[in-house]
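Fair warning: this is a prediction, and the values are worked out from it, not measured in the lab.
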Amino acid sequence: MTHLIIFLFFGALCLAGAVNLLVQRHPINSALSLVVVMGSLAVEYLLLGAEFVAAVQVIVYAGAVMVLFVFVIMLLNAGEEVRTKGSRVAMLFGIPGMLVGSALVGWVLIERTGSQTVAAGALPGAPRTIGWLLFHNFLLPFEVTSILVLIAIMGAVVLASHPDTDSGKKKS
Amino acid sequence: MAQTIPQGVEYVRILPEIVLSLFGMVIMVLDPLVDERSTQKLLGLIALIGSVAAIAATLYQSQFPGLGFWGMVKVDGFSTFFHILVTAIAAVVILSSFEYMQVQQIRAGEYYGLILFGAVGMCLMSSAVELVLIFIALETSSISTYVLAGFRRRAAISSEASLKYFLLGSFATAFFLYGVALMFGATGSTSISVIAQALRLSPVPVLAYAGIAFMFVGLGFKVAAAPFHVWTPDVYEGAPAPVVGFMSTAPKAAAFAVLLRVMFESNAPGRLWLIWVAAALSMTLGNVGALVQQNVKRLLAYSSIAHAGYLLVAFAALANNGIPAAMFYTASYAAMNVGAFAVVSHLAGAGERYVTLDDYAGLGRRSPLLAATLTIFLLSLIGIPMTGGFFAKFYVFSAALQANLVGLTIIGVLNSAVGAYYYLRIIVVMYMREAREEVPAIPVSPALGAALGISVAATLYLGLLPGRVLEYASRSAAELLH
């Protein structure tokens, strides 16, 4: 039951973050909403028993990819920072929301210890299983992904290069 | 665990993909090493050899049918057919690009590399029997075409085409992926054979319907079927003409191959009405839209929407004659459309200045041979007997009639009549109207001549002797359904 409540709560949070991402006008606000989406997805993975995927989600997506996004937005000069009423709303609801959330997690940790816990690696989402799947059953898709990434890099090089430097190679 | 590394024969089952990837990498490595003037010819030649080698690899591979990589890919008559189709399209497009690239002064290395890597994705799409691999192959093919659409770097319209295609295409891919996820939820597997077994049980889970619908949205976008077609005219207008010839045929053929496998091999529930509506809409919107176009590339874009509609009619038919009809249609459509765009890319001139209908006026006098070639392709697009287009439409509509789809067949035949008007209009303009301004007549280069020769030969072959191809298609369809 608690499990389901937490699952639905973070599912709703994930959706709310995704909607907010679309309606925000400032790119930084959208990027920060994306952090919420990634974070709640990580919790969902954890609740489904995929601990490794959850950790990867936090490290790679919520961490590395988001930092890249924010850097790119900064480099592209996203424009002035604006103060909106939204920030005050966030103050009013954010702090109680955070308190409720941490109270919920704390309550689960204290109250439910021992009754519904599993040993690390006991669920099917363990790194060992994922590694086995990735380099065994899904070996071919994994390898084809490298071609996919190669195409994306080539595409970025082609589309980002200045059209007039194309012929620069033969002059120099 | 019995077997931990793939065996030798399994590598043969992805041999064409390996060959194409290797040649693509060779091009990438050589691009900065050779000097600019010889780049065009040398890299183009390597790409051409690569695609021809891939055809040879496919023929060799067809002797080893079966599954590979733990049920990921399956080599059968069906996959061989689409492998040869895709690699042959790539070869002809590469041939027709030589001259275009020189005229437009586009740098070559990445261009040929992307065509080969894109072909890797398209080949895999036709042999993959597992939805995760299909998704990655679909992305490989799509991303390379997004980039290829933006290769006219000095034209803003080309960048616009690339960006539009990318944004809408990513959206469509997300739909496909969501469909895959729902299908996994409904059946517990992403392997098409397991899904087929699960869907054979009588109460089909509701999720499976949603999964099929979402996957159809994603693939419908890739084949430019209405109502997911809005990107087509803008992208085709902006993209380089040989690339349009490529992306209106090869990725489409691959997406139709996936659709055939998903819809027929997995006994997809509720496919009839989904396809009925999409086919009727595509045919009607495509043909009506084409009537008012002045730009030849836009006109052919609407025509390609209409042809996607005709092709979808075969999907609504019964499996045993719908699959061969659809396979035959993709082949003959590829032959005539690649050829038509090869002519368009030759006539376009530097910066693609001459692409409106008016620029084609007097072509019959200026370069009679080229005009005759284009006429053959246009007659085939109409569906005149003796061309591939005739038998393609004939088989599709007779398959539809055998499945008692009288309404859909009537819509299709009426639409063919509408379609005849705008194709004939080009022919009339070419032969009967005087050129208004002096459009320079550039001699056709040998490479382009070869590309046109192959396309004409294929169009006429399919129109005069359709038996062998159709028989092969029927046999592989029977194999697909066991």
Side-chain angles (χ1 to χ4, degrees), chain A residues 7 11 14-15 18-19 21-22 27 30 34 37 41 44-45 48 50 53 57 61 65 69 76 124-125 128-172, chain B residues 1 3-6 10 13-14 17 20-21 24-25 28 31-32 35-37 39 68-73 105-107 109-111 113-114 117-118 120-121 124 128 130-137 139-148 150-155 159 162-163 166 190-191:
Chain A
F7 188 87
C14 183
L15 266 183
V19 171
L21 174 116
L22 295 177
S30 291
L34 194 57
V37 176
L41 268 182
E44 301 283 63
Y45 289 144
L48 289 170
V53 179
Q57 172 81 10
Y61 284 95
V65 173
F69 272 169
L76 290 179
R128 188 188 163 84
T129 326
I130 290 174
W132 177 257
L133 277 176
L134 202 57
F135 293 102
H136 189 252
N137 294 43
F138 288 84
L139 177 67
L140 188 59
F142 179 76
E143 293 297 341
V144 178
T145 311
S146 58
I147 301 278
L148 182 63
V149 174
L150 192 61
I151 289 179
I153 295 171
M154 280 171 86
V157 169
V158 170
L159 295 180
S161 70
H162 198 275
D164 293 326
T165 54
D166 281 5
S167 46
K169 200 164 62 171
K170 82 181 146 200
K171 279 171 206 152
S172 57
Chain B
M1 303 290 164
Q3 179 203 339
T4 47
I5 51 165
E10 296 187 68
R13 293 193 181 123
I14 56 162
E17 287 84 358
L20 287 169
S21 313
M25 283 172 217
M28 275 179 70
D31 182 31
D35 95 300
E36 182 85 2
R37 252 157 289 162
T39 306
F69 288 88
W70 300 280
M72 282 284 160
V73 289
Q105 297 178 324
I106 295 176
R107 94 187 258 176
E110 288 93 355
Y111 177 85
L114 280 169
F117 286 133
V120 171
L124 266 180
E130 208 271 350
L131 291 174
V132 174
L133 182 61
I134 289 177
F135 169 72
I136 290 173
E139 273 294 82
T140 309
S141 125
S142 306
I143 290 182
S144 70
T145 35
Y146 303 151
V147 179
L148 284 170
F151 247 87
R152 284 164 62 206
R153 301 279 294 116
R154 290 179 192 81
S159 306
S162 179
L163 191 65
F166 169 64
T190 51
S191 162

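- Side-chain N/O atoms of Thr190(B) and Glu130(B) include a donor and acceptor closer than 3.5 Å.
- Interface remark: Tyr146(B) contributes no atoms to any contact with chain A (heavy atom separation under 4.5 Å).
- Nearest heavy atom pair, residue Arg13(B) against residue Gly68(B), reads CD-N, 4.3 Å.
- Annotation: maximal heavy-atom pairing with chain B below 4.5 Å, among Leu148(A), Ile151(A), Asn137(A), Leu139(A), occurs at Ile151(A).
- Side-chain contact between Phe69(B) and Ile14(B): present, with at least one pair of heavy atoms (C-beta onward) separated by less than 4.5 Å.
- Of the two parts of Ile134(B), neither the backbone nor the side chain holds a non-hydrogen atom closer than 4.5 Å to a non-hydrogen atom of chain A.
- The residue among Glu139(B), Arg152(B), Met72(B), Glu17(B) with the most heavy atom pairs within less than 4.5 Å of chain A is Met72(B).
- Note: His136(A) and Trp70(B) have tilted aromatic rings, judged against thresholds of 30 and 60 degrees for the angle between ring planes.
- For the atom pair CZ of Phe69(A) and OH of Tyr61(A), the computed distance is 10.0 Å after rounding to the nearest 0.5 Å.
- With a 4.5 angstrom heavy-atom cutoff, Val157(A) touches chain B only via side-chain atoms.
- Under the 4.5 Å side-chain criterion, counting only non-hydrogen atoms from C-beta, Leu114(B) is in contact with Met154(A).
- With a 4.5 angstrom heavy-atom cutoff, Leu148(B) does not touch chain A via any of its atoms.
- Only the side chain of Ser162(B) has a heavy atom closer than 4.5 Å to any heavy atom of chain A.
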